[in-house]
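Computed from a prediction, not measured in an experiment: that's the story for all the values here. Scope of the values below: all heavy atoms of this structure, side chains included, with no hydrogens, waters or symmetry mates. Position 1 is the first residue of the sequence; numbering continues from there.
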Amino acid sequence: MNAPQDPRSLLIARLGSLVDCTRAEGYACITARHEHGAHAVDIDHPCIAIVLRGRKQVRTHAQTLEFAPGDLFLIARRCRMDVVNIPDPDSGLYLTVTIPLCEEVLAAARLLWSDPITGHGQDLARLDSAEFAFDLQRWLASLQAGHYTEARLALAALTVALCRRGHTAMLVPPPPSLAMQIRDLVRAEPAREWQSQHVEAALGVSGATLRRRLVTEGTGLRDVIAAARLACAMDLLYTTHWPVKTVAARVGYRSVASFTRRFNERYGLDPAHIGNA
């Protein structure tokens, strides 16, 4: 007779079933077969991740954390970080499930939360996923059944539970950023030939206002578009088995050499080293 699995191992096994499922809205399975690192990775919105295989090392200007299977990785607010992903030595696979906390989930949690909301607390946290197994399993069951409203309710409950642990910073809306709005536009259509007039029309601003506001944010339109495309490329390299040539085309690069050079300049990493193909 087999001994019962502990809650942490059982949760890892159930979340691992997502890898073989048809992709649904609301999560991503991040996989890699080679150890590699990337620097200056921008995270625009709060999210959680559960490491299932291998290890993850993360560093910001203020924190250094390492994650093992079963750890819940919370990103409470917008940040930039350096990461190293290390595959499991037995299976040769690195695997993490990431779950973005969309604005609908955060808005629901704000309505439910009755205590003061502060911006205090650290950007990143390492927690035991087993402590949140009930809400995670409700989210998983709802997602697999195609009940997306119930899945978001489970994530709202999980967000409240995380706030009870002192992570209310995720409920504080980030300051308005034009660059972030542009990144969201580009990420929705990364292969589009984005020009200033397209952004102006989508956001309802003049060209002069667009340039002036981006200057005050310390950037420019070309840099914002390039960063958004490369962020999309990183997502595709981790979550698909597409070759680099296909990923480059999907994010608007006609030349693989140009894409590889830009990706390496941005992240300090050759895209071929992620190695899911």
Side-chain angles (χ1 to χ4, degrees), residues 5-18 21 23-30 42-52 56 58 60 62-63 65-81 96-177 180 184:
Q5 287 184 294
D6 65 86
R8 187 180 173 102
S9 298
L10 185 60
L11 181 62
I12 290 174
R14 288 179 175 172
L15 289 172
S17 68
L18 288 171
C21 292
R23 176 70 184 274
E25 178 185 358
Y27 75 93
C29 293
I30 305 299
D42 288 319
I43 307 297
D44 285 334
H45 305 282
C47 70
I48 63 172
I50 299 94
V51 178
L52 304 182
K56 187 180 194 75
V58 178
T60 67
Q63 292 178 266
L65 297 174
E66 182 163 337
F67 301 87
D71 286 342
L72 186 150
F73 175 23
L74 169 65
I75 303 175
R77 56 190 160 197
R78 186 191 308 170
C79 67
R80 172 172 286 188
M81 59 189 182
T96 292
V97 172
T98 65
I99 308 169
L101 298 176
C102 65
E103 182 52 35
E104 292 84 355
V105 165
L106 294 172
R110 290 186 195 107
L111 288 173
L112 294 168
W113 187 254
S114 59
D115 295 335
I117 297 174
T118 71
H120 303 308
Q122 295 179 311
D123 295 344
L124 313 178
R126 179 171 62 86
L127 303 159
D128 186 348
S129 62
E131 296 181 25
F132 307 94
F134 177 76
D135 290 323
L136 284 168
Q137 290 177 1
R138 271 207 312 153
W139 167 78
L140 178 58
S142 299
L143 196 70
Q144 292 179 327
H147 300 153
Y148 299 119
T149 298
E150 288 78 1
R152 287 182 173 181
L153 286 172
L155 287 183
L158 174 60
T159 301
V160 170
L162 290 166
C163 289
R164 289 286 175 209
R165 294 289 300 272
H167 302 290
T168 57
M170 72 178 75
L171 299 184
V172 179
S177 163
M180 190 164 71
D184 287 342

Supply the atom-to-atom distance [X] [atom1] to [Y] [atom2], rounded to the nearest 0.5 angstrom.
X    : Y    : atom1 : atom2 : result
L101 : L158 : CG    : CG    : 7.0 Å
L52  : I12  : CG    : CD1   : 6.5 Å
T168 : L162 : OG1   : CG    : 11.0 Å
L106 : W113 : CG    : CH2   : 13.5 Å
M170 : I75  : CE    : CD1   : 10.5 Å
R164 : D115 : CZ    : CG    : 5.0 Å

Minimum-distance pair of heavy atoms, taken over all atoms of [X] and [Y]:
X    : Y    : result
E66  : D71  : O-OD2, 4.2 Å
Y27  : L18  : OH-O, 3.6 Å
D44  : R78  : O-CB, 3.8 Å
A156 : A108 : CB-CB, 4.0 Å

- Taking C-beta and beyond as the side chain, do C47 and T98 meet within less than 4.5 Å on heavy atoms? no
[X] side chain to [Y] backbone, donor-acceptor under 3.5 Å:
X    : Y    : result
R110 : L171 : yes
S17  : R14  : yes
D135 : F132 : no

- Task: If a pair satisfies side-chain hydrogen bond (donor to acceptor under 3.5 Å, both in side chains) and one of its residues is in residues 123-132, list it, with sequence neighbours excluded.
- Result: R8-D128, R77-D123, E131-R165
Sequence-distant partners of [X], side chain to side chain donor-acceptor pair (under 3.5 Å), two or more places apart:
X    : result
T96  : Y94
R80  : D42
E104 : none
Q63  : Q122

- Query: For I48 and L127, what are the C-alpha separation, side-chain angles and deciding distance, and is it a side-chain contact (heavy atoms from CB on, under 4.5 Å)?
  - Reply: CA-CA 10 Å; I48 63 172; L127 303 159; over 6 Å; no
- Query: Who are the ring pair (Phe, Tyr, Trp, His ring centres under 6.0 Å) partners of F73, not counting sequence neighbours?
  - Reply: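 Partners of F73 by the ring pair (Phe, Tyr, Trp, His ring centres under 6.0 Å) criterion, ordered by chain and then number, come out as F67.
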